[in-house]
Amino acid sequence: MTGTTAQPTSRARSWWGWGWADAHPDDAECAAMGALLPGTLARPLPVPRVRDLGIGSSAVRPPRSLARLVTADPADRAAHAMGKAYRDVMRALRGRPGRVPDLVARPLDERDVADLLDWAGERRVAVVPYGGGSSVTGGVEYRGDEHRAVLSLDLTAMGRVLEVDAEGRSARIQAGTLGPSLEDQLRPHGLTLRHFPQSFEFSTLGGWLATRAGGHYATGRTHIDDFVQSMRVVTPAGTGESWRLPASGAGPSPDRLFLGSEGALGIITEAWVRVQERPRHKASAAVSFADFHDALRAVRALAQSDLSPANCRLLDAGEAALSGAAQDGCAVLVLGFESADEPVTARLERAVALARSYGGRHEAANGGGDTVAGASGDTAAGASGDAAVGAWRSAFLRMPYLRDGLARMGAVAETFETAATWDRIPGLIDAVRTEVGAAALKATGHPATVNCRLTHVYPDGAAPYFTVLAAGRPGDEVALWDDLKAVAGEVLHRHRATITHHHAVGRDHRPDYDRQRPEPFALALRAAKGALDPHGILNPGVLVD
């Protein structure tokens, strides 16, 4: 059964910042946010313009046979020069985007991908794969000068659901399919992938696979890895496809080699993924805690129970206040349940009772029980009558835009995430707050805000996600954030916490990833890189040299 590509929107994406160009805070809102953070600029930095970057002509031209796929338009090149991390946004605001790609290519099929790689290999042109461009770790930019030219390989023209196997609940989907289009094409079949990262609107299936992306859901299938049935990958050494299987014990998994490889070993062109019925029953609630460590113990008990909440997100007092979920100094636990075939109110009530046994407080609100979604069943997190849940959800979607507004005020406003076992979680969170906060105060002379939330929870550990708000150093904001991130990396390493739970390694996390991985594995990865990419053109500098 074949699908069709969903109709593209006419709404314009921001080339320099997050999301839609018309959703960014205006100057007045930026100034109002900046006034709440000591040490920011008196007025917002102007919105950057492509024409001010002085983008020169391309260093290379494609052959006539590929010209139909390639553009050298300056605006297109600028939009593909960086991802959407704070340091990317700040570099754009300061007019320092780094090396802009010489060309942007949009292949229409797998043959086009192979032809582009062949040409790039012959000409020593670096190829940087690009999906939705939402990378926050330097994964879609080129750094260095070892290649004569850089090609950004944008896969979004390959955006179709090709087949749906309703009996086996799986679908074959092209890698360039953006999140909303993917769900739109599955909806007529009553199915969903049920993978909703915060970047859902602006990221692709291939990007999720290449970065081992985490979704919105807190338990169960938290990462895209869990949905993969098989993949097709084009490399300079040839094209490979793993068998479509429900499970296998036949040696190391070929899919595992390319999951998380960030385009350094090959270009993922399509995948069979496990899908499911769209949820119809949803319920959610918020539980507040006066003591954050009591809340941690409650979340651990929930993660180790058989309740399997779809959402189990713990916000510390600062994060709860920032999102509007609570203003009384309490931590807030956001709980959500959903099901395709049975009411979930009883499971929610059991979870709330468990949280209460650890000191949680829940005041029921009208409408907070089980609701039945419409035929589309679109909501990712579930309906709720709890005002705290609604406030958190709205803030969750709006936060990247507000970050860019604070960046225009010269502030540092960024996040990072990790994961560790439960025995390390309390000490890890306390150390990050203390040491990153102290480093920011020393560097800027102003106190910083370091908030934490748990985004994913497991029986054996959790994924803390930190928000840092600090005064900047005018003209030196990127270096300041790099310094703070280095302090955070040292804390994570000391507590044996991963450098990233779901945002990939990219170039920004590369030094910490090198320390985290075992050396025999690094040797194997370098050998794989040499065999699959003999000319060294695929996303140079990512994962391995």
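Here the structure is a predicted model, which is why all the values come from computation and not from measurement. Only this structure's heavy atoms are used, side chains among them; waters, hydrogens and symmetry mates stay out.
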>> Are T498 and Q516 packed together at the side-chain level, in the sense that at least one heavy-atom pair is separated by less than 4.5 angstrom?
In response: yes

> How would you list, by chain and number, every residue that makes a ring pair (Phe, Tyr, Trp, His ring centres under 6.0 Å) with F258, sequence neighbours excluded?
Replying inline: none

>> What I'd like to find out is whether the side chain of R256 reaches to under 4.5 Å of the side chain of R212, using heavy atoms alone.
In response: yes

> Are side-chain N/O atoms of Q229 and R244 paired as donor and acceptor at under 3.5 Å?
Replying inline: yes

> With sequence neighbours left out, what residues match A59 under side-chain contact (heavy atoms from CB on, under 4.5 Å)?
Replying inline: D102, A149

>> Nearest 0.5 Å, please: how far is OG1 in T204 from OH in Y130?
In response: 10.0 Å

>> For a 4.5 angstrom cut-off between non-hydrogen side-chain atoms, does R143 reach R99?
In response: no

> Is any side-chain heavy atom of R507 less than 4.5 Å from a side-chain heavy atom of N539?
Replying inline: yes

> So, D482 and R87, do they make that salt bridge, N to O below 4.0 Å?
Replying inline: yes

> Do R453 and E417 meet the salt-bridge criterion of a basic N to acidic O distance under 4.0 Å?
Replying inline: no

> So, does R94 use its side chain to make a donor-acceptor pair with the main chain of E477 at under 3.5 Å?
Replying inline: no

>> Under a plain distance cut-off of 3.5 Å, with no hydrogens placed, do T222 and Y217 share a side-chain donor-acceptor pair?
In response: no

> Between T418 and A497, which heavy-atom pair has the shortest distance, and what is it?
Replying inline: OG1-CB, 3.2 Å

> Which residue pairs pass the ring-ring contact (aromatic ring centres under 6.0 Å, His included) test with at least one member in residues 132-153, sequence neighbours excluded?
Replying inline: Y142-H147

> When you measure from the side chain of H509 to the backbone N and O of A504, does any donor-acceptor pair fall under 3.5 Å?
Replying inline: yes

>> Under the criterion side chain to side chain contact (heavy atoms under 4.5 Å, CB included), I'd like the reasoning laid out for R526 against D545: C-alpha separation, chi angles, the key distance, then a yes or no.
In response: CA-CA 7 Å; R526 293 186 195 106; D545 294 324; over 6 Å; no

> Does any N or O in the side chain of S181 come within less than 3.5 Å of the main-chain N or O of T177, such that one atom is a donor and the other an acceptor?
Replying inline: no

> Roughly how far, to the nearest 0.5 Å, is CG of L209 from OG of S261?
Replying inline: 9.5 Å

>> Can you pull out every ring-ring contact (aromatic ring centres under 6.0 Å, His included) where at least one residue sits in residues 92-111? Sequence neighbours excluded, please.
In response: none

>> Restricting to ring pair (Phe, Tyr, Trp, His ring centres under 6.0 Å), what partner residues turn up for W16, sequence neighbours left out?
In response: H24

> Can you name the nearest heavy-atom pair linking R11 to A23, along with the distance?
Replying inline: NH2-CB, 4.1 Å

>> So does G489 get a backbone contact from the side chain of H493, meaning a donor-acceptor N/O pair under 3.5 Å?
In response: no

>> For a quick check under 3.5 Å, do S242 and D255 share a side-chain donor-acceptor pair by atom type?
In response: yes

>> Holding to side-chain contact (heavy atoms from CB on, under 4.5 Å), I want the full list of residues that pass it with P44, two or more places apart in sequence or in another chain.
In response: D27, C30, R408, M409

>> Is the shortest side-chain heavy-atom distance between M158 and L205 below 4.5 Å?
In response: no

> Would a 4.5 Å heavy-atom cut-off, applied to side chains only, mark L406 and L469 as touching?
Replying inline: yes

> Is there any side chain to side chain donor-acceptor pair (under 3.5 Å) pair reaching into residues 527-538, and which pairs are they, with sequence neighbours excluded?
Replying inline: K529-D533

> Under the 3.5 angstrom rule, does the side chain of E414 hit a backbone N or O of Y86 as a donor-acceptor pair?
Replying inline: yes

>> Donor-acceptor check, side chain of H216 to backbone of T455, threshold 3.5 angstrom: yes or no?
In response: no

>> To check you understand the geometry: which heavy-atom pair defines the closest contact between A105 and P107, and what is its length?
In response: O-CD, 3.5 Å

> Do side-chain atoms of K84 reach the backbone of V136 as a donor and acceptor pair under 3.5 angstrom?
Replying inline: no

> If only atom types and distance count, is the side chain of R510 paired as donor or acceptor with the main-chain N or O of G541 below 3.5 Å?
Replying inline: yes

>> Suppose we screen for side-chain contact (heavy atoms from CB on, under 4.5 Å). Which residues come up paired with A462, at least two apart in sequence or across chains?
In response: W422, I425, L454, V457

>> Does any part of the side chain of M231, heavy atoms only, come nearer than 4.5 Å to the side chain of E241, both counted from C-beta?
In response: no

> Would a distance-only check, ignoring hydrogens and angles, find a side-chain to backbone donor-acceptor pair under 3.5 Å from E262 to V505?
Replying inline: yes

Distance-only donor-acceptor hits, side chain of residues 191-202, under 3.5 Å, sequence neighbours excluded:
from, atom 1, to, atom 2, distance (Å)
T192, OG1, E183, OE1, 2.8
T192, OG1, E183, OE2, 3.1
T192, OG1, R194, N, 3.0
R194, NE, E338, OE2, 2.9
Q198, NE2, F396, O, 2.5
S199, OG, S203, OG, 3.1
E201, OE2, W20, NE1, 3.1

>> Testing the basics here: between R517 and L543, what is the closest heavy-atom pair and its distance to 0.1 Å?
In response: NH1-O, 2.6 Å

> Do the ring planes of F416 and W481 sit parallel (below 30°), tilted (30 to 60°) or perpendicular (above 60°)?
Replying inline: tilted

>> Quick check: closest heavy atoms across A92 and P48, and the distance to 0.1 Å?
In response: O-CB, 3.4 Å

>> Filter on side chain to side chain donor-acceptor pair (under 3.5 Å), then keep only pairs touching residues 61-75, sequence neighbours left out; what's left?
In response: R68-D112

> By side-chain contact (heavy atoms from CB on, under 4.5 Å), which residues pair with H223, not counting sequence neighbours?
Replying inline: D225, D226, Y458, H501, H502

>> Working note: R123 + I537, criterion side chain to side chain contact (heavy atoms under 4.5 Å, CB included); need CA distance, chi angles, decisive distance, verdict.
In response: CA-CA 10 Å; R123 297 298 184 92; I537 61 170; over 6 Å; no

>> If you define the side chain from C-beta out and look only at heavy atoms, does anything of V432 sit under 4.5 Å from V436?
In response: yes

In a table with atom names and distances, give each donor-acceptor pair under 3.5 Å that connects a side chain of residues 113-120 to protein atoms at least two apart or in another chain.
from, atom 1, to, atom 2, distance (Å)
D115, OD1, R111, NE, 3.1
D115, OD1, R111, NH2, 3.0

> Got a salt bridge between R91 and E141, using NZ or NE/NH1/NH2 to carboxylate O under 4.0 Å?
Replying inline: yes

> Among I267, L538, L103, which one satisfies side chain to side chain contact (heavy atoms under 4.5 Å, CB included) with L153?
Replying inline: I267

> Does R77 reach the main-chain N or O of V100 with its side chain, forming a donor-acceptor pair under 3.5 Å?
Replying inline: no

> Between I55 and P74, which heavy-atom pair has the shortest distance, and what is it?
Replying inline: CD1-O, 3.5 Å

